[in-house]
Amino acid sequence: MRKNPNHGPATRLVHAGRDPSQQHGFVNTPIYRGSTVLYPTYDAIKHRRGRYNYGTSATPTMDALTEAWTELAGAAGTVVTPSGLAALTVALMAAVSAGDHLLVTDSAYRPTRQFCDGVLARFGVETTYYDPTVGAGIAELMRENTRAVLVEAPGSQSFEMQDVPAIAEVVHGRGGTVIMDNTWATPLLFPPHERGVDIAVEAGTKYLSGGSDLLIGLTSANAKHFPAVRRTFDHFAMCAGAEDIFLALRGMRTMNLRLREHGRAGLEMARWLQGRPEVLRVLHPALPDDPGHAIWKRDFSGASGLFGVILKPCPEAALAAMLDGLELFGMGFSWGGFESLVIPFDCAPYRTATSWAPGGWGLRFHIGLEDTADLKADLDAGFTRLKAAS
Ligand SMILES: *Cc1c(COP(=O)(O)O)cnc(C)c1O
């Protein structure tokens with residue numbers, strides 16, 4: 001592995017985490033499957049000598065991905081977990097203990113909330129949700145026992161931006177930990193640790209995979225917080241499968257290229273949707289009139305392919321007619337793959353710190369790698385069905 005701190009992120013994605021000279025010249029790190037690791041001597045097993053001890057804690061395949069991600073994210077270390085949600089639970093369990101208070105953005109990925117309100121509450125951690133646009137105002141929400149603040153930008157479904165550096169400054173001043181769900185941007189578009197995040201989570205299921213064919217998560221942390229993350233990962237044995245890690249490494253090599261195309265096509269589609277008479281609002285921080293645009297422009301180096309749309313009011317049957325006839329846009333959860341997706345969404349039932357009343361049906365789009373002309377034609381036909389059924 002030739003490590004050069006001056007290499008750019010695109011070069012790192014290609015070269016990090018593999019060493020052909022150690023694998024008979026083959027380009028990729030092979031899949032090491034296994035539980036047992038044999039020790040050569042009594043002394044070696046007594047003192048657990050050697051890099052590898054047991055399949056749950058580390059394998060060369062696991063190391064290839066965690067080392068590469070650590071480099072990419074600018075972290076001190078990374079663990080790889082069997083899903084993005086598992087990566088979030090490792091981050092949270094590493095940061096809080098019984099009796100602590102946790103602040104979570106009201107725009108967080110919904111299963112994150114369910115974990116906080118379910119598991120963390122059961123173990124004596126109290127969670128309060130806050131307005132994602134709070135910025136330095138987070139200071140007023142912090143209590144004596146506030147141990148961690150979870151941010152996510154842009155927000156799941158609703159796409160509000162957050163002033164992460166401002167929040168981090170306040171939280172660090174009070175000795176707290178900043179956890180971020182950075183799935184939308186990946187470290188390529190938002191270097192989390194450089195911006196003040198202590199523990200960053202990536203659902204690798206999305207853009208790292210790029211293929212809608214695996215579930216994986218990554219939790220990276222700075223030097224202060226990595227030991228706790230690593231310990232938590234070990235205590236839960238939250239290890240991912242070897243084949244999935246291999247596929248994630250494969251996805252990583254092309255992630256930069258794919259992400260740029262998702263971002264370009266996504267913005268083109270967002271602009272096109274903004275011009276449609278059926279659309280009330282487009283939620284995309286790279287659009288100049290988006291409320292979060294200034295923060296996005298300051299802190300992010302690009303956009304991915306996921307954004308939201310609020311339709312002008314129409315009957316539910318008209319919405320159904322639009323969605324049911326789509327040929328290219330699949331309807332299903334998750335995103336980040338090569339194919340375009342759309343889901344209806346409504347944040348109103350679960351928001352607690354802010355209200356959600358956008359004035360029409362919400363649709364979340366993931367723009368895949370198809371020709372945008374075909375995607376527009378598919379949606380155009382959808383809008384024709386919507387009008388006919390209105
Ligand atoms: C999908 C997603 C996750 C969870 O990832 P899984 O691998 O599906 O568990 C976490 N955060 C965000 C923002 C996501 O979109």
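One-based numbering, in listed order, for ligands and for the atoms of each.
Contact annotation: for Trp335 versus ligand 1, heavy atoms closer than 4.0 Å belong to the side chain alone. By the criterion of a heavy-atom distance under 4.0 Å, the side chain of Ser156, and not its backbone, is placed next to ligand 1.
Atoms CG and CE, on Leu72 and Met252 in that order, are 7.5 Å from each other to the nearest 0.5 Å. The line from NE2 of His262 to NE2 of His366 is 4.5 Å long, rounded to the nearest 0.5 Å.
Residues Asp324 and Arg385 are not paired through a salt bridge, judged by the lack of any N-O separation under 4.0 Å between the basic side chain and the carboxylate. Salt-bridge check for Lys224 with Asp198: failed, with every basic side-chain N at 4.0 Å or more from each acidic carboxylate O.
Ring planes of Trp335 and Tyr207: perpendicular class, angle over 60° (limits at 30 and 60°). Ring planes of Phe365 and Phe329: perpendicular class, angle over 60° (limits at 30 and 60°).
At least one N or O atom of Asp181 sits closer than 3.5 Å to an N or O atom of ligand 1.
Among all non-hydrogen protein atoms, the one lying nearest atom 2 (C) of ligand 1 is Lys206 NZ, 2.4 Å.
Near Glu152, with a cut-off below 4.0 Å to any heavy atom, the atoms of ligand 1 are 13 (C). Within ligand 1, counting atoms from 1 as listed, the ones closer than 4.0 Å to a heavy atom of Leu85 are 4 (C), 5 (O), 6 (P), 9 (O). For ligand 1, the atoms sitting less than 4.0 Å from at least one non-hydrogen atom of Thr205 are 6 (P), 7 (O), numbered in the order shown with element in parentheses. Interface of Gly84 with ligand 1, defined as ligand atoms under 4.0 Å from a residue heavy atom, comprises 4 (C), 5 (O), 6 (P), 7 (O), 9 (O).
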Output, in order, the C-alpha distance, side-chain angles, deciding distance and verdict of side-chain contact (heavy atoms from CB on, under 4.5 Å) for Leu283 and Phe307. CA-CA 6 Å; Leu283 316 171; Phe307 61 91; 5.9 Å; no
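In the candidate list Phe333, Trp184, Tyr109, Tyr109 is nearest to atom 8 (O) of ligand 1, counting heavy atoms.
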